[in-house]
2 protein chains.
Amino acid sequence: MAEKKADQFSAAVNCPIRQVLDRFGDKWSILVVELLSHKGRLRFSEIGQHIGDISQKMLTVTLRSLESDGLILREIFPEIPPRVEYELTPLGMSLVPQIESLTNWGKEHLETILHNRKTYELRQKKKITY
Amino acid sequence: MAEKKADQFSAAVNCPIRQVLDRFGDKWSILVVELLSHKGRLRFSEIGQHIGDISQKMLTVTLRSLESDGLILREIFPEIPPRVEYELTPLGMSLVPQIESLTNWGKEHLETILHNRKTYELRQKKKITY
DNA sequence: AGCCTTACTTACTTTTTAGTAACAATCGTG
DNA sequence: CACGATTGTTACTAAAAAGTAAGTAAGGCT
């Protein structure tokens, strides 16, 4: 099935959804954007504390790629101990409404989804045990 | 840094964004929803052909989890060779606008992002080679 | 009898992603 | 002169996601 040529429609191999997902489908990027959109400007350690369970390494990686894409700005203060602050750029801010709209959908429907999953499990068990 | 307690704000450990990402951050789910929203009702092999580079296994896995969540409906026709058709449920359809809005953001800004990445790379090289 | 079709399933391998823990840099402080 | 503070980096490991290829079912066709 692989190797087939995709058509001109949206699921095609190089469509923009896939590029967006490739970039933001990771575990932390969207979370960091969301956080900065609420808090404005934060330093490295503050972001880590707010998220709560991100490792230093992943925080660095995530911030670097967001910076590289131009979604956040990184400002270094030449002090000791070092201080580095991050904030959204206008481009980063332009992503926020989209994230919020996804989040709102989640808030609205996740309960239903969880319920559906349970129902589905039960249906499966019945069929197998039968 | 891990093990910290997250606060009441949006980046907290169990916030809805994370649940949405955990579920739809995979490679194919959103793509299948998008495809079905454009094409209506498709059988297994048609979905595979439209996407172009998904393996049978991943298509099955993706369709199962979408079905389990109640986003798509699966109808089996007891024929030989077998025919199975998939279509969005109302819940699945309710996700479509959110996906489209993300996609549109991508279409609008991906060029800028690609450009930013190149610029960033150059800046890094300069600093290192200097 | 053997091959075709479709929609899977299974076992196994590869690739990607993320986590862990130790170390670096640097200055002020005790 | 070791220690703490902060923002990293690095090497290594673990876990998750995805890919590959073979097999299954069941009846129709030749």
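The sequence lines fix the lettering, A, B, ..., with proteins before strands; numbering per chain opens at 1.
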Gap between atoms [atom1] and [atom2], on [X] and [N] respectively (whole Å):
| X | N | atom1 | atom2 | value |
| --- | --- | --- | --- | --- |
| B/Phe44 | C/dT9 | CZ | C1' | 11 Å |
| A/Leu63 | D/dT6 | CG | C1' | 14 Å |
| A/Glu75 | D/dT7 | CD | C1' | 15 Å |
| A/Ile80 | C/dT29 | CD1 | P | 12 Å |
| A/Arg83 | D/dT6 | CZ | C1' | 12 Å |
| B/Tyr86 | C/dT6 | OH | C1' | 11 Å |
| B/Phe77 | C/dT6 | CZ | C1' | 14 Å |
| A/Ile76 | D/dT7 | CD1 | C1' | 10 Å |

Under 4.0 Å between a Lys/Arg side-chain N and an Asp/Glu carboxylate O for B/Glu85 and B/Arg43?
no
Please find the pair of heavy atoms, one from [X] and one from [Y], that lie closest to each other, and give the distance.
| X | Y | result |
| --- | --- | --- |
| B/Tyr86 | B/Leu36 | O-CD2, 3.6 Å |
| A/Asp69 | B/Ile113 | CG-CG2, 3.6 Å |
| B/Leu31 | A/Cys15 | CD1-SG, 4.2 Å |

Let me check something: do B/Ile47 and B/Leu73 share a hydrophobic cluster, defined by ILVMFWY side-chain heavy atoms less than 4.5 Å apart, either directly or through other members?
no
What protein N or O atoms touch nucleotides 16-19 of chain C N or O atoms at under 3.5 angstrom, if any, and at what distances?
| unit_1 | atom_1 | unit_2 | atom_2 | d |
| --- | --- | --- | --- | --- |
| C/dA18 | OP1 | A/Lys27 | N | 2.9 |
| C/dG19 | OP1 | A/Lys27 | NZ | 3.1 |
| C/dG19 | N7 | A/Lys57 | NZ | 3.0 |
| C/dG19 | O6 | A/Lys57 | NZ | 2.4 |

Among [options], which nucleotide sits nearest the side chain of [X]?
| X | options | result |
| --- | --- | --- |
| A/Arg64 | D/dA26, C/dT26, D/dG8 | D/dG8 |
| A/Pro82 | C/dT9, C/dT6, D/dT6 | D/dT6 |
| B/Gln56 | C/dA7, C/dC27, C/dC8 | C/dC8 |

Between C/dA7 and B/Ser45, is there an OP1 or OP2 to side-chain N/O distance shorter than 4.0 Å?
yes
Take B/Arg43 and A/Pro81, find for each the nucleotide of DNA chain C with the closest heavy atom, and name the residue whose nucleotide sits nearer the 5' end.
B/Arg43
Verdict with supporting geometry, B/Thr89 and B/Ile72, side-chain contact (heavy atoms from CB on, under 4.5 Å):
CA-CA 5 Å; B/Thr89 61; B/Ile72 65 174; 5.5 Å; no
What's the verdict on side-chain contact (heavy atoms from CB on, under 4.5 Å) for A/Ser65 and A/Leu71, showing C-alpha distance, side-chain angles and the deciding distance?
CA-CA 9 Å; A/Ser65 70; A/Leu71 296 171; over 6 Å; no
